[in-house]
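In what follows, a single structure is set out as structure tokens and then discussed.
Below, each value reflects all heavy atoms present in this structure, side chains not excepted, and no hydrogens, waters or symmetry copies. Reminder, nothing fancy here: chain letters follow the sequence lines and each chain counts from 1.
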2 protein chains.
Amino acid sequence: MARKRFDDSSCSVARALNEVGDWWSLLVVLHAMYGARRFVDFQQELGIARNILCDRLTRLVDNEVLKKVDVGEHGSRFEYRLTEKGRDLFPIVIALRQWGDKWNPAPDQPPLDLRDRATGRPIRQVAVQNADGDSLTIRDVFVRDDGEATPRKDKKQAG
Amino acid sequence: MARKRFDDSSCSVARALNEVGDWWSLLVVLHAMYGARRFVDFQQELGIARNILCDRLTRLVDNEVLKKVDVGEHGSRFEYRLTEKGRDLFPIVIALRQWGDKWNPAPDQPPLDLRDRATGRPIRQVAVQNADGDSLTIRDVFVRDDGEATPRKDKKQAG
DNA sequence: TAATAGGGTTGCATTTTAAAACCAGATTAA
DNA sequence: TTAATCTGGTTTTAAAATGCAACCCTATTA
């Protein structure tokens, strides 16, 4: 049967995964961040089947993660560029990269060394933080129900 | 043909997606963070087909994102619990939630209000930060090649 | 003018997926 | 103590998704 979709799920994680949660979409976004813009760039860099790439690009454009720009002087030459919504996936992609580097490091090569362009210093580990910038684990957060004013110990954990 | 896998990809994002990049795996992890532990919990909360849930749980256990714990006094009663590797997906799940809330808000209900248990204040937006804690966009980072000492303007963008 | 690059679409065989039926060992209810 | 139910699966079946190769049409280049 058809794959389930989560378009109208009340869970925003499910809705997010509905747009970028398949095998290829986030990799397409990643390579767009690397600088890929043309159909053939994505195709060659990812080794993805052309029809699948077509489908994913179309869907990402429909979901406004990418925009399709006609760059041909006489038509029929296109670029796929990240929208603000697409660029906003940056923390997710970086968090995935750091998780992969930490738990499944490549045996033969060091992880990509991402640095702040302004200072040359490495970037931090992506983390959930409180208002003061302290890192929080899942145990440190709770879900505030409507109208609730103060944190309580017995609240269910969040996600 | 078979779906492509990225087990041995040199890209850590691809390797990460290989483990949690399908439609269901991250939702299983999310619900584990919510508190789900039993097979039936996941099945009912997610509405996932049982055979698919079986497969995903097995794969997550194989990849050490979850561990399967026998909790039956006389056997045959199990719990699936997050490992440290699994809990380490917290920033990714939260970043996805925030992205979904920002770009695809639920029409009829407010987003989940996650707060710091210690202070009761809302958590921050998950972001890529430099060493000082300043948020960085994709344009603010570069890839430092082996042996390079200083940032340069003409480096390719990172991902 | 022919060859080739860009951006696709179509057909086909193979996998995945979802749903429902089935199964076997505990546990609970009557 | 026997039947019903819960738990954690496996099997079967049909619909989609995937990957590959072949094809198409419009520029551009040799």
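Residues Arg5(A) and Trp23(B) share a closest heavy-atom pair of NH1-CH2, 3.2 Å.
dG6(C) atom P lies 15 Å from atom NZ of Lys68(A), rounded to whole Å. Taking atom CZ of Phe42(A) as the reference point, atom C1' of dA5(C) lies 18 Å away to the nearest angstrom. For the pair Arg77(B) CZ and dG8(D) C1', the computed distance is 9 Å after rounding to whole Å. Taking atom CZ of Arg38(A) as the reference point, atom C1' of dT26(D) lies 14 Å away to the nearest angstrom. Atom CZ of Phe39(B) is separated from atom P of dT5(D) by 20 Å (rounded to the nearest Å). In this structure, Phe78(B) atom CZ and dC6(D) atom C1' are separated by 14 Å, rounded to whole Å. Here the P atom of nucleotide dT15(C) and the CG atom of Asp22(B) are 18 Å apart, to the nearest Å. Atom CG of Asp70(A) and atom P of dT26(D) are 15 Å apart (whole Å).
Between Trp24(B) and the phosphate of dA18(C), there is a side-chain N or O to OP1/OP2 separation shorter than 4.0 Å. Residue Trp23(A) places none of its side-chain N or O atoms closer than 4.0 Å to OP1 or OP2 of dG19(D).
Between Trp24(A) and Phe6(B), the ring center distance clears the sub-6.0 Å criterion.
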Hey, can you pull the donor-acceptor pairs under 3.5 Å for the side chains in residues 51-59 of chain A, sequence neighbours left out?
| from | atom 1 | to | atom 2 | distance (Å) |
| --- | --- | --- | --- | --- |
| Arg56(A) | NE | Asp22(A) | OD2 | 2.4 |
| Arg56(A) | NH2 | Asp22(A) | OD2 | 3.2 |
| Thr58(A) | OG1 | Cys54(A) | O | 2.8 |

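Lys85(B) places a side-chain N or O within 3.5 Å of a backbone atom of Asn63(B) that can act as its donor or acceptor partner. With hydrogens and angles disregarded, no donor-acceptor distance shorter than 3.5 Å links the side chain of Arg77(B) to the backbone of Asp70(B). The main-chain N or O of Val141(B) is found under 3.5 Å from a side-chain atom of Arg117(A) such that the two form a donor-acceptor pair.
The listed nucleotides are dT7(D), dT18(D), dA17(D); the one nearest the side chain of Arg3(B) is dT18(D). Side-chain proximity of Lys4(A) to the nucleotides dG25(C), dG9(D), dA18(C) is greatest for dA18(C).
Among the atoms of the strands shown, only primed sugar atoms or phosphate atoms (P, OP1, OP2) are found under 4.0 Å from some heavy atom of Tyr80(B).
Contacts with DNA chain C (heavy atom under 4.0 Å) in residues 45-58 of chain B: Ala49(B), Asn51(B), Ile52(B), Arg56(B), listed by number.
In this structure the side chain of Met33(B) reaches within 4.5 angstrom of the side chain of Val93(B), judged on heavy atoms.
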